[in-house]
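See below for the structure under consideration.
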Amino acid sequence: MSDKLQAPKGTFDVLPASSTQRDALVEQIAAPAFARAGYSRIDTPIFEDTALFARGVGESTDVVSKEMYTFLDQGDRSVTLRPEGTAPVCRAYAEHGMHKLPQPVKLWYQGPFFRQEAPQAGRFRQFFQIGAEALGSDDPALDAESIVLLARLLEAAGATDTTLRISSLGSKSERQAYSQELKTYLRENERQLSADVLARIDQNPLRAFDAKHEGTQAVMEAAPRLLDAISVEDRAHFDEVLALLDAAQVGYEVDSTLVRGLDYYTRTVFEFTSPNLGAQAGVGGGGRYDGLVELLGGPPTAGIGWACGVERVLAAAELSTEPEPTANTDVYIALDDDADRSAAFTVLLKLREVHGLSAQIELAGRSMKGQLKQASRIGAKVLVIFGGERGQYDAAVKNLQTGEQQELDGLTAGDYFDRIAERVLAGVKR
RNA sequence: GUGGGCGUAGCUCAGCUGGUAGAGCUCCGCGUUGUGGUCGCGGCGGUCGCCGGUUCGAAUCCGGUCGCUCACCCCA
């Protein structure tokens, strides 16, 4: 075991048993919902110029400062495995001049993301996200639409007991002023704060709201709230978002302590959590990021989006019944000791290619009993036996559902396929 | 990075106070049978994570190390 290679720390193999439900989440639940809401699929590179995240997500964030997989390529360019999807989508928006398209531009994506953190329940180094970004409009209805989209997605996936927390971070200027005020407050109470909160007062004081440390939480209860400091316009925008959520009958909790760890967020921020997830309770979250596109070299552009973790959604949905990959093989070709293997192989390919059937042939040297067992194990409807018992027949076609079997003799190179195929098709259709 | 729990067969696990490894499931074969199910019998499969120490003898005790896992932190 010691020298056996294994998947890198924090990564996992998606085995056949679980790939079915993962695919279903993306293809049967997410994709149709996005299509109905006017979102188009976008795929950005798995790695990007490191500067994209440094600038877009923020140098001081944990994600950028200590969790990125960054390396130099052969040309000494610093590249980074994408830790999140919003910055790349905004880069693509700016790079391809999407501001010239009818606004807003709605995009969705799905794929792996990378963060070098200590793995634990619900947290991986390579994880999969489904995300949605809508750029080019700051209409509160877009915020509401985006949030409702995620709410419905979670519901459809089976994560029905989630909680939505929502708040507004206001605009940059108020946030900066508030940040100063909060720093002062924290300094006044620094004796009760935990060491790591204390160490980050200058970097990101808002983080203190997230701490689980008791003393810190006591201090934060009485701390000034950003939601009380935002501008009249931002407050009106936020109230409109809430009103639309009410209209959509999406329940929420306004939580003025809600903090997001990425620098680009402005105004609306939200997060869905699930009680059956352990410490990493967030299943999905996001917010508005007016200004990000401009920061990345594009025109001033409003934007809002979210991402949800595929592994977390699935865990929150508590899919108890692990559906075995439904076996739906049409034909299984069994080989007796004296089978004409060449003829069997030809029939196998023709059944697949001419008749479009799913056909498998014996490949493991099993006994006839073992081959029968294998055929029923993979759900074959029809069995073709080549060889026959002691040469009593050249081939036999057995309907595995009814048990009836027809034996064919005198097969010649010219007509064996048609005669077998005729009987196979009759059996498959039944 | 820090702390708790755990590393025995492909999977789930047993193995008390030290005597050089077991079960169930899976897989393969044989018999039974309705060519597949059931049942019966048999087989494949492990340097007990790794290294060192104590001992006549270590899966078991001690130390170290690696890995997994949960939590802190952070986030999806």
Side-chain angles (χ1 to χ4, degrees), chain A residues 1-12 15 17 57 61-67 82-86 110-132 150 153-154 159 162 194-197 199-200 204 207-208 210-213 216 258-262 265 270-274 277-286 305-316 332 334 336 364-383 385 387-389 392 396 398-405 407:
Chain A
M1 291 288 222
S2 60
D3 57 346
K4 222 181 209 177
L5 256 15
Q6 51 184 312
K9 189 184 187 73
T11 68
F12 52 87
L15 299 174
V57 178
T61 62
D62 278 26
V63 167
V64 171
S65 65
K66 53 188 197 192
E67 297 172 4
R82 60 183 189 185
E84 60 98 51
T86 301
Q110 174 275 132
F113 293 86
F114 307 84
R115 261 124 96 157
Q116 196 162 169
E117 299 181 83
Q120 72 184 70
R123 190 169 70 188
F124 308 95
R125 291 185 166 186
Q126 173 175 327
F127 54 99
F128 291 76
Q129 286 189 337
I130 297 172
L150 177 53
L153 172 68
L154 295 175
T162 57
S194 72
D196 44 304
V197 168
R200 283 189 208 125
N204 193 344
R207 197 73 58 66
D210 263 349
K212 286 167 189 171
H213 178 79
T216 305
L258 182 60
V259 184
R260 306 246 86 213
L262 277 28
Y265 285 118
F270 58 94
E271 180 174 73
F272 285 83
T273 56
S274 167
L277 235 47
Q280 305 303 319
V283 285
W306 50 258
C308 66
V310 169
E311 294 77 29
R312 292 191 187 176
V313 171
L314 259 20
Y332 194 83
D336 217 331
R366 292 182 183 82
S367 65
M368 188 49 67
K369 174 178 173 131
Q371 296 185 58
L372 262 295
K373 190 174 180 182
Q374 173 65 4
S376 61
R377 191 157 43 202
I378 64 173
K381 301 186 188 82
V382 174
L383 179 76
I385 302 170
E389 296 168 30
Q392 285 170 10
K398 180 180 169 92
N399 184 320
L400 289 174
Q401 291 155 106
T402 64
E404 66 186 284
Q405 177 168 327
E407 297 172 1

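Chain A is the first sequence line, chain B the second, and so forth, proteins listed ahead of strands; every chain is numbered from 1. Any value given below was found using the heavy atoms of this structure, including those in side chains, with hydrogens, waters and symmetry copies removed.
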Same-atom distance ([atom1]) from [N] to [M], integer angstrom:
N: B:U8; M: B:G46; atom1: C1'; value: 8 Å
N: B:G18; M: B:C13; atom1: C1'; value: 22 Å
N: B:A9; M: B:U47; atom1: P; value: 9 Å
N: B:G43; M: B:C25; atom1: P; value: 15 Å
N: B:C28; M: B:C75; atom1: C1'; value: 47 Å
N: B:C30; M: B:G36; atom1: P; value: 11 Å
N: B:U69; M: B:U12; atom1: P; value: 13 Å
N: B:U38; M: B:C66; atom1: P; value: 47 Å

Heavy atoms, side chains only, cut-off 4.5 Å: are [X] and [Y] in contact?
X: A:Lys9; Y: A:Pro119; value: yes
X: A:Ile130; Y: A:Val310; value: yes
X: A:Leu150; Y: A:Phe272; value: yes
X: A:Glu271; Y: A:Val283; value: no

Counting distance only, does the side-chain N/O of [X] pair as donor-acceptor with the main-chain N or O of [Y] below 3.5 Å?
X: A:Glu84; Y: A:Thr86; result: yes
X: A:Gln129; Y: A:Phe113; result: no
X: A:Arg115; Y: A:Arg125; result: no

remark   = With B for base contact, S for sugar-phosphate-only contact and - for none (protein heavy atoms under 4.0 Å), nucleotides 71-76 of chain B reads BBBBBB
Atom pair CG (A:Leu154) and CZ (A:Arg312), whose distance is rounded to the nearest 0.5 Å = 12.5 Å
ask   = Minimum heavy-atom separation for A:Leu153 to A:Cys308, with atom names?
value = CD2-SG, 3.9 Å
query = Got a salt bridge between A:Glu117 and A:Arg123, using NZ or NE/NH1/NH2 to carboxylate O under 4.0 Å?
reply = yes
request  = Round to the nearest Å and state the distance from A:Gln6 atom CD to B:C66 atom P.
outcome  = 14 Å
Rounded interatomic separation in angstrom, taking CG from A:Leu400 and P from B:G37 = 11 Å
task = Could you tell me whether the phosphate oxygens of B:G67, OP1 or OP2, come under 4.0 Å of any side-chain nitrogen or oxygen in A:Lys9?
result = no
query = Are A:Phe124 and A:Phe12 near enough that their ring centres are under 6.0 Å apart?
reply = yes
ask   = What dot-bracket string describes RNA chain B from 5' to 3', counting Watson-Crick and G-U wobble pairs whose defining distances are under 3.5 Å, with [ ] for crossing pairs and | for pairs to another strand?
value = (((((((..((((.....[..)))).(((((.......))))).....(((((..]....))))))))))))....
Would you tabulate the nitrogen or oxygen pairs shorter than 3.5 Å linking the protein to nucleotides 28-31 of chain B?
from, atom 1, to, atom 2, distance (Å)
B:C28, OP1, A:Arg366, NE, 2.8
B:C28, OP1, A:Arg377, NH2, 2.9
B:C28, OP2, A:Arg377, NH1, 3.4
B:G29, OP1, A:Ser367, N, 2.5
B:G29, OP1, A:Ser367, OG, 3.0
B:C30, OP2, A:Ser367, OG, 3.3
B:G31, O6, A:Lys369, NZ, 3.4

